[in-house]
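Contents: one structure, followed by commentary.
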Amino acid sequence: MSLYLYAHQPEGRVPMSPDPAPHTTGSRLLLVRHAKAVPKGDPAEDFGRGLGERGRADAPRTGRWLAESRYRPDLALCSPSRRTRQTWQLMVPALADPPDAVYDDRLYNAAPNALVTVVTERGSGLGCVVLIGHNTGIHELATALCGSGPAELLEQLKDGFPTSGVVVVDLAGGWGDLIPGRGRLTAMWSPAH
């Protein structure tokens with residue numbers, strides 16, 4: 001089954017194929033927002049919130065989209081919360097050669113600057129990293145980084161970052177380009193589309 005990206009157009013949704021070409025220069029950051037979790041309860045228990053039924057169905061679809069789009073991360077960086085770990089674990093079976101995963105405490109509900117610090121430290125020497133994290137930080141990072149790309153996708157990203165969604169950011173200058181406006185939004189996908 002072929003999956004498509006959809007961009008907002010005045011006349012409706014238009015399918016857009018992802019960039020399937022292997023990434024050969026610079027670095028590629030695959031940002032993934034964790035799948036839909038059970039409703040929030042006591043804030044002290046937030047770290048242990050798991051995925052809801054929809055999240056458990058959507059996370060494997062995210063893994064399949066990455067595999068079908070031929071995105072091959074060299075490393076997975078994942079918040080250690082229960083819902084992010086479950087998202088990654090449900091994505092892995094779809095990946096032909098899943099990368100090692102690092103669960104870094106600094107990624108839990110992190111602000112964009114903390115996310116950049118972890119990616120820069122852990123991604124050194126790697127071409128492609130997938131980061132599984134939380135809103136609002138992951139959405140703020142994506143919108144800050146993406147200074148170029150198809151106008152429709154940039155507008156769609158500005159509108160939000162859905163659960164189980166993926167934002168593909170290419171950094172022509174490598175991890176040193178993890179600064180506002182230097183990334184190119186190459187693709188955006190979510191199970192809702």
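Worth knowing before you read on, the calculation uses all heavy atoms, side chains too, and leaves out hydrogens, waters and symmetry mates.
The shortest heavy-atom contact between Ala76 and Pro99 is N-CG, 3.9 Å. Leu115 and Ala110 make their closest contact through CD2-CB, 3.7 Å (heavy atoms, listed as atom of the first residue, atom of the second, distance). Between Ala59 and Ser164, the shortest heavy-atom contact is N-OG, 4.0 Å. Here the closest non-hydrogen pair linking Ala94 and Gly63 is CB-C, 3.4 Å. Across Phe161 and Arg33, no two heavy atoms sit closer than the pair O-NH1, 2.7 Å.
At a threshold of 4.5 Å between side-chain heavy atoms, the hydrophobic network of Ile, Leu, Val, Met, Phe, Trp and Tyr places Ile138 and Leu51 in two separate groups. Cluster membership check: Ile179 does not share its hydrophobic cluster with Leu185, using side-chain heavy-atom separations under 4.5 Å among Ile, Leu, Val, Met, Phe, Trp and Tyr. Under a hydrophobic clustering in which Ile, Leu, Val, Met, Phe, Trp and Tyr are joined whenever their side-chain heavy atoms come within less than 4.5 Å, directly or via other members, Leu145 and Leu77 fall into the same cluster. When the side chains of ILVMFWY residues are joined at heavy-atom separations under 4.5 Å, either directly or via intervening members, Trp65 and Leu90 end up in two distinct hydrophobic clusters.
For Thr87 (side chain) and Ala35 (main-chain N/O), a donor-acceptor pair under 3.5 Å exists by modelled atom type. Side chain of Glu140 to backbone of Pro112: no donor-acceptor contact under 3.5 angstrom is found. Side-chain N or O atoms of Ser69 include none that pairs as donor or acceptor with a backbone N or O of Leu66 at under 3.5 Å. Side-chain atoms of Asp74 come within 3.5 Å of backbone N or O of Gly127 as a donor-acceptor pair. A side-chain donor-acceptor contact under 3.5 Å links Arg83 to the backbone of Asp46. In this structure a side-chain-to-backbone donor-acceptor pair under 3.5 Å is missing from His139 to Asp159. Remark: side-chain polar atoms of Arg49 are paired, donor with acceptor, to backbone N or O of Val38 under 3.5 angstrom.
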Q.
If you apply the rule side-chain contact (heavy atoms from CB on, under 4.5 Å), what do you find for Val130 with Val32, and how did you get there?
A. CA-CA 7 Å; Val130 60; Val32 176; 3.7 Å; yes

(Q) As a quick check of understanding, evaluate side-chain contact (heavy atoms from CB on, under 4.5 Å) for Arg28 and Leu30, giving each step before the final call. (A) CA-CA 7 Å; Arg28 176 169 280 165; Leu30 309 172; 4.0 Å; yes

(Q) side-chain hydrogen bond (donor to acceptor under 3.5 Å, both in side chains), that's the test. Do Thr120 and Thr117 meet it? Break it down for me. (A) CA-CA 5 Å; Thr120 302; Thr117 297; over 6 Å; no

Q: Test side-chain contact (heavy atoms from CB on, under 4.5 Å) on Thr163 and Arg54 and set out the steps.
A: CA-CA 10 Å; Thr163 54; Arg54 187 176 121 205; 3.1 Å; yes

Q. After noting the C-alpha distance and the side-chain angles of Thr62 and Trp189, does the key distance pass the side-chain contact (heavy atoms from CB on, under 4.5 Å) rule?
A. CA-CA 8 Å; Thr62 301; Trp189 177 88; 3.5 Å; yes

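For the atom pair Asn109 CG and Ser79 OG, the distance stands at 7.0 Å (nearest 0.5 Å). Atom-to-atom distance recorded for Thr84:OG1 and His134:NE2 is 4.5 Å, nearest 0.5 angstrom. Summarising the geometry, atom CG belonging to Asp170 is positioned 9.0 Å from atom OG belonging to Ser27; distances are rounded to the nearest 0.5 Å. To the nearest 0.5 Å, atoms CG (Leu131) and CZ (Arg122) are separated by 12.0 Å. Distance check, rounded to the nearest 0.5 Å: OG of Ser81 to CG of Asp105 gives 10.5 Å. Between atom CE of residue Met91 and atom NE2 of residue His34 there is a gap of 13.0 Å, rounded to the nearest 0.5 Å.
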Atom pairs and distances, donor-acceptor, side-chain atoms in residues 171-178, under 3.5 Å, two or more places apart:
from, atom 1, to, atom 2, distance (Å)
Trp175, NE1, Gly123, O, 2.9
Trp175, NE1, Leu126, O, 3.0
Asp177, OD1, Arg182, NH2, 2.9
Asp177, OD2, Gly173, N, 2.7

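The existence of a salt bridge linking Glu155 and Lys158 is confirmed by a sub-4.0 Å separation between a basic side-chain nitrogen and an acidic carboxylate oxygen. Checked for salt-bridge contact, Arg106 and Glu121 meet the test: a charged N lies under 4.0 Å from a carboxylate O.
For the side chain to side chain contact (heavy atoms under 4.5 Å, CB included) test, residues two or more places apart in sequence or in another chain that qualify with Val92 are Trp88, Pro98.
At most 12 heavy atoms of other shown residues, nucleotides or ligands fall within 6.0 angstrom of atom CZ in Arg72.
Hydrophobic cluster membership for Phe47: Tyr108 (Ile, Leu, Val, Met, Phe, Trp, Tyr linked by side-chain heavy atoms under 4.5 Å, directly or transitively).
Inter-residue side-chain proximity for Pro191 and Lys36 is flagged as unmet; no heavy-atom pair is nearer than 4.5 Å. Inter-residue side-chain proximity for Cys146 and Val169 is flagged as met; some heavy-atom pair is nearer than 4.5 Å.
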